[in-house]
Engineer: 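My structure is below; once you've seen it, I'll send some questions.
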2 protein chains.
Amino acid sequence: MSITDDVLAAATRARVAARGLALATRAQKDTTLHAMAEALLTRGDEVLAGNAEDVARAEAGGSPANIIDRLRLTRERLEGMAQGLRDVAGLADPVGEVVRGSVLANGLELRQVRVPFGVVGMIYEARPNVTADAAGICLKSGNAVLLRGSSSARSSNAAIVAVLRDAVEASGLEPDIVQMVPGDSHESVKVLMQARGHVDVLIPRGGAGLIQSVVDESTVPVIETGVGNCHVYVDSRADLDKALRVVLNAKTHRTSVCNAAESLLVHADVADEFLPRVVRALQDEQVTIHGDAAFASYEGVVPATDDDWATEYLSLDIAARVVPDLDTALEHIRQWSSGHSDAILTEDQGAARRFVAEVDSAAVLVNASTRFTDGGEFGFGAEIGISTQKLHARGPMGLPEMTSTKYVVIGDGHVR
Amino acid sequence: MSITDDVLAAATRARVAARGLALATRAQKDTTLHAMAEALLTRGDEVLAGNAEDVARAEAGGSPANIIDRLRLTRERLEGMAQGLRDVAGLADPVGEVVRGSVLANGLELRQVRVPFGVVGMIYEARPNVTADAAGICLKSGNAVLLRGSSSARSSNAAIVAVLRDAVEASGLEPDIVQMVPGDSHESVKVLMQARGHVDVLIPRGGAGLIQSVVDESTVPVIETGVGNCHVYVDSRADLDKALRVVLNAKTHRTSVCNAAESLLVHADVADEFLPRVVRALQDEQVTIHGDAAFASYEGVVPATDDDWATEYLSLDIAARVVPDLDTALEHIRQWSSGHSDAILTEDQGAARRFVAEVDSAAVLVNASTRFTDGGEFGFGAEIGISTQKLHARGPMGLPEMTSTKYVVIGDGHVR
């Protein structure tokens with residue numbers, strides 16, 4: 001069989017298995033999720049052995065330390081993956097939820113109910129814990145999943161999927177609801193991306209390059225996730241103590257994540273007071289500031305170019321600019337923001353209201369760190385990714401975002 | 001300027017105009033919609049003159065009578081278009097609706113609110129009334145619209161858009177919220193379909209060929225609409241009087257629409273009683289039956305091929321088959337349905353429950369005609385189309401389906 005046949009055959013098995021899963025009760029799904037969690041721990045040695053192969057290959061290939069750290073699994077990380085599956089078991093089942101319902105004037109009963117998509121394709125990089133997370137979220141939302149992790153984690157992912165499939169089967173569900181995409185070449189990803197009709201939705205999770213290539217090459221509908229060029233704007237009426245705290249948190253709390261701040265805008269009216277404080281505080285935390293002329297007058301600040309306004313650093317770097325007014329801040333964000341999360345610091349109700357209304361991003365925050373844009377922080381309990389597109393889902397995606405709906409119409413021989 | 005430049009320039013004007021429209025109050029939008037309705041009537045002569053050109057061209061080109069009928073505008077049809085705009089003015093404004101909201105454990109206020117997409121592209125065929133409908137629905141949902149009707153209606157559409165733009169401008173909104181796509185070649189449609197980032201969503205409305213080509217060629221996210229290979233299944237426990245009424249209504253009430261029935265499945269247990277009745281009743285209404293062996297034993301029934309199971313006739317034709325059981329009916333629908341609307345006739349609660357759970361279509365109906373799958377019938381007040389895809393919207397799309405959402409997070413210096 002060709003790789004095309006292999007991938008489409010896997011998708012077809014997923015489609016058939018998804019039909020059974022769509023009819024599974026919440027109790028069946030939760031029992032299975034607990035069995036999956038248990039299996040990851042009792043068969044942890046297999047997973048760690050697979051992971052050791054990946055780590056050894058990465059080290060031999062000279063991968064940087066931070067990449068190897070993301071790749072490496074430990075007993076503790078396995079426990080985290082298992083707990084993630086148990087957490088998903090504890091969440092409400094989105095399938096069957098009545099989104100709206102009414103009785104029409106003619107007596108027809110109308111209900112819009114949540115149903116699974118069917119078959120979900122996940123294309124993701126490096127961290128092998130995504131394999132278990134995605135399997136759990138897809139299972140609970142009634143979707144079969146085709147998993148395509150990075151080839152650097154292939155032994156880890158293969159071991160995790162083998163363990164999870166056995167647990168699914170032992171629990172009485174069809175194991176083909178969780179599958180790896182066959183093949184390890186780019187060709188197999190390409191087949192997946194072109195499998196319109198076989199795969200209902202593709203979710204890429206990873207860097208900007210990965211996401212862009214999936215968006216460009218897919219005929220399957222895609223939910224774009226996660227590129228975050230996030231801004232913090234300190235208004236003329238900001239409380240500068242709060243502003244300093246929020247800027248530091250948004251930039252330095254965790255730098256490698258999509259909701260970290262990458263650009264700082266400061267209103268000219270507070271520049272004289274705020275710049276010395278924020279420059280020192282950021283530099284104390286080892287942050288490199290790429291600043292406009294106003295910022296660049298401070299020692300250690302690197303002059304910024306347009307590239308800096310566009311960059312998602314994901315590191316201890318921040319672009320910084322002084323703006324003459326709120327309009328310029330809004331214009332800057334309109335031009336450069338990736339539409340993920342942008343924050344204003346202000347005590348002025350009018351400025352906050354304009355910022356909330358005019359910034360067109362998945363999350364707009366007032367006097368709060370961009371780091372809060374997160375399924376966990378929002379109370380969703382689980383998150384498959386953060387959508388930066390406008391269709392279907394926008395912002396953190398929990399279980400309900402992993403479903404479609406159907407209309408159910410009940411009559412008694414009704415005709416028009 | 002090249003056609004590419006022309007189309008992208010129009011999209012850019014739409015983007016800028018959309019920003020203002022997103023901030024418009026409901027009162028401003030409703031006033032504008034009433035002005036648009038009024039202008040269509042007071043300047044009806046201009047619209048009818050444009051339409052007369054299109055009709056003359058179609059007649060000279062030898063278009064069939066039903067196409068010319070769809071194309072032709074009258075005073076009465078103008079009044080219908082105007083009333084449609086007034087109806088939209090009467091509907092609730094989806095923009096700003098709080099979809100969900102809560103206060104998180106740390107005191108952060110979280111709200112998910114509806115916001116416009118921004119720029120919507122409509123690609124549609126023949127009927128010029130879609131021009132006014134789409135303009136009204138997009139305006140009320142806060143979206144700028146780029147309209148690309150069929151070239152056979154170009155003079156009608158140009159006249160309608162000119163009238164509507166003047167009314168928009170006179171009402172104080174930016175006229176570029178309603179624009180025709182520049183150019184009349186396929187090249188200009190192609191630019192529109194590739195204008196990812198400039199256009200937020202494309203909605204094709206028309207025949208299967210149009211929709212397929214938009215799905216295939218677009219990099220802009222698409223909402224597929226309207227292809228309906230709809231089934232009516234008459235179960236062993238059906239009330240045959242109700243069944244006859246529903247089959248006739250679903251097939252003959254209006255044949256050219258996507259929610260008309262195209263296939264009839266009858267359980268073998270009731271075939272002896274039901275087939276003579278339904279064959280006679282359908283033939284009395286001039287319906288040609290394309291039947292399996294059981295049906296083909298009746299006079300006038302044409303033997304069916306697989307093509308018949310796959311066909312959306314949109315005419316006085318129906319494919320018909322006797323099935324041995326519910327499972328075979330479900331399997332037939334799984335194989336051939338376009339996922340629009342499928343109905344079961346049964347008094348058996350168990351059969352109804354299985355049909356509703358297992359048929360994966362936008363609308364699943366029990367003891368009711370497929371003709372009810374319609375925004376008007378569902379009480380949405382306006383409909384831009386019927387989505388047959390699973391992402392974002394499924395089934396009839398009203399005003400809320402023409403929006404995205406954003407998260408608004410309000411804190412008081414909150415950090416993680």
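Here is how names work: the chains are called A, B, and so on, in the same order as the sequence lines, proteins then strands, and each is numbered from 1.
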Engineer: Please determine if A:Asp327 and A:Arg334 form a salt bridge, counting it only when a charged side-chain N lies under 4.0 Å from a carboxylate O.
Structural biologist: no
Engineer: So, B:Glu347 and B:Lys242, do they make that salt bridge, N to O below 4.0 Å?
Structural biologist: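 Yes, B:Glu347 and B:Lys242 are salt-bridged.
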Engineer: For A:Val201, is it the side chain, the backbone, both or neither that has a heavy atom under 4.5 Å from a heavy atom of chain B?
Structural biologist: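 Side chain only.
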Engineer: Which bit of A:Arg111 is near chain B, if near means a heavy-atom gap under 4.5 Å: side chain, backbone, both or neither?
Structural biologist: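 No part of A:Arg111 comes within 4.5 Å of chain B.
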Engineer: Does a salt bridge link A:Glu217 with A:Arg196, judged by any charged N lying under 4.0 Å from a carboxylate O?
Structural biologist: no
Engineer: Verify the distance criterion only: is there a donor paired with an acceptor across the side chains of A:Thr346 and A:Asp348 at less than 3.5 Å?
Structural biologist: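 The criterion, which ignores hydrogens and geometry beyond distance, is not satisfied for A:Asp348 and A:Thr346.
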Engineer: If you tally heavy-atom pairs under 4.5 Å against chain A, which of B:Leu345, B:Asn249, B:Thr373, B:Val246 wins?
Structural biologist: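 Most heavy-atom pairs within the cutoff with chain A belong to B:Asn249.
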Engineer: Where does A:Val115 contact chain B at under 4.5 Å (heavy atoms): side chain, backbone, both or neither?
Structural biologist: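 For A:Val115, the side chain is the part near chain B, not the backbone.
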Engineer: Among B:His253, B:Arg371, B:Arg254, which residue satisfies the side chain to side chain donor-acceptor pair (under 3.5 Å) criterion with B:Asn259?
Structural biologist: B:Arg371
Engineer: Check each atom of B:Asp412 against the heavy atoms of chain A and say whether the ones under 4.5 Å are side chain, backbone, both or neither.
Structural biologist: both
Engineer: Measure A:Glu109 against the heavy atoms of chain B and call it side chain, backbone, both or neither at under 4.5 Å.
Structural biologist: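 A:Glu109 has no heavy atom closer than 4.5 Å to chain B.
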Engineer: Measure A:Leu365 against the heavy atoms of chain B and call it side chain, backbone, both or neither at under 4.5 Å.
Structural biologist: both
Engineer: Below 4.5 Å from any heavy atom of chain B, which atoms of A:Asn106 appear? Answer side chain, backbone, both or neither.
Structural biologist: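 Contact with chain B: side chain only.
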Engineer: Could you tell me which portion of A:Ala362 (side chain, backbone, both or neither) has an atom closer than 4.5 angstrom to a non-hydrogen atom of chain B?
Structural biologist: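 Just its backbone gets close to chain B.
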Engineer: Which answer fits B:Asp216, side chain, backbone, both or neither, if we ask what part of it has an atom under 4.5 Å from a heavy atom of chain A?
Structural biologist: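 Contact with chain A is absent: no heavy atom of B:Asp216 under 4.5 Å.
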Engineer: So which of A:Ala250, A:Pro221, A:Gly395, A:Ala357 has the biggest tally of heavy-atom pairs under 4.5 Å with chain B?
Structural biologist: A:Ala357
Engineer: What part of A:Ile410 gets within 4.5 angstrom of chain B, counting heavy atoms only: side chain, backbone, both, or neither?
Structural biologist: both
Engineer: What part of B:Leu391 is in contact with chain A, defined as an atom under 4.5 angstrom from a non-hydrogen atom: side chain, backbone, both or neither?
Structural biologist: both
Engineer: Within the 3.5 Å criterion, strictly below it, is a donor on B:Gln112 or B:Thr405 matched to an acceptor on the partner's side chain?
Structural biologist: yes
Engineer: Below 4.0 angstrom, N of the basic side chain to O of the carboxylate: do B:Asp360 and B:Arg394 qualify?
Structural biologist: yes
Engineer: Of the listed residues (A:Val215, A:Asp241, A:Val113, A:Asp239), which shares the most heavy-atom pairs with chain B below a 4.5 Å separation?
Structural biologist: A:Val215
Engineer: For B:Ser218 and B:Gln194, run side chain to side chain contact (heavy atoms under 4.5 Å, CB included): C-alpha distance rounded to whole Å, both residues' side-chain angles, the deciding distance at 0.1 Å, then the answer.
Structural biologist: CA-CA 6 Å; B:Ser218 287; B:Gln194 301 282 330; over 6 Å; no
Engineer: Check whether B:Val359 gets within reach of chain A through its side chain, its backbone, both or neither, counting any heavy atom under 4.5 Å.
Structural biologist: backbone
Engineer: Report the C-alpha separation of B:Glu358 and A:Arg19 in whole Å, then their side-chain angles, then the decisive distance to 0.1 Å, and conclude whether the salt bridge (charged side-chain N to carboxylate O under 4.0 Å, His left out) test is met.
Structural biologist: CA-CA 8 Å; B:Glu358 296 186 34; A:Arg19 269 181 224 140; over 6 Å; no
Engineer: Can you tell me which portion of A:Asp374 sits under 4.5 Å from chain B's heavy atoms? Options are side chain, backbone, both or neither.
Structural biologist: side chain
Engineer: Where does B:Ile223 contact chain A at under 4.5 Å (heavy atoms): side chain, backbone, both or neither?
Structural biologist: side chain
Engineer: Looking at B:Leu248, B:Val415, B:Leu108, B:Val366, which one has more heavy-atom pairs under 4.5 Å with chain A than the rest?
Structural biologist: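 Ranked by contacts with chain A, first place is B:Val415.
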Engineer: Between the side chains of A:Ser341 and A:Thr370, does any donor sit under 3.5 Å from an acceptor?
Structural biologist: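 No donor-acceptor contact under 3.5 Å links the two side chains.
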Engineer: Under 6.0 Å between ring centres: does that hold for B:Phe355 and B:His231?
Structural biologist: no
Engineer: Does any backbone or side-chain atom of B:Arg100 lie under 4.5 Å from a heavy atom of chain A? Answer side chain, backbone, both or neither.
Structural biologist: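 The side chain, not the backbone.
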Engineer: Need one label for A:Leu23: side chain, backbone, both or neither, based on atoms under 4.5 Å from any heavy atom in chain B.
Structural biologist: side chain
Engineer: One thing to verify: whether B:Asp342 and A:Lys406 come together as a salt bridge, which I'm taking to mean a side-chain N less than 4.0 angstrom from a carboxylate O.
Structural biologist: no
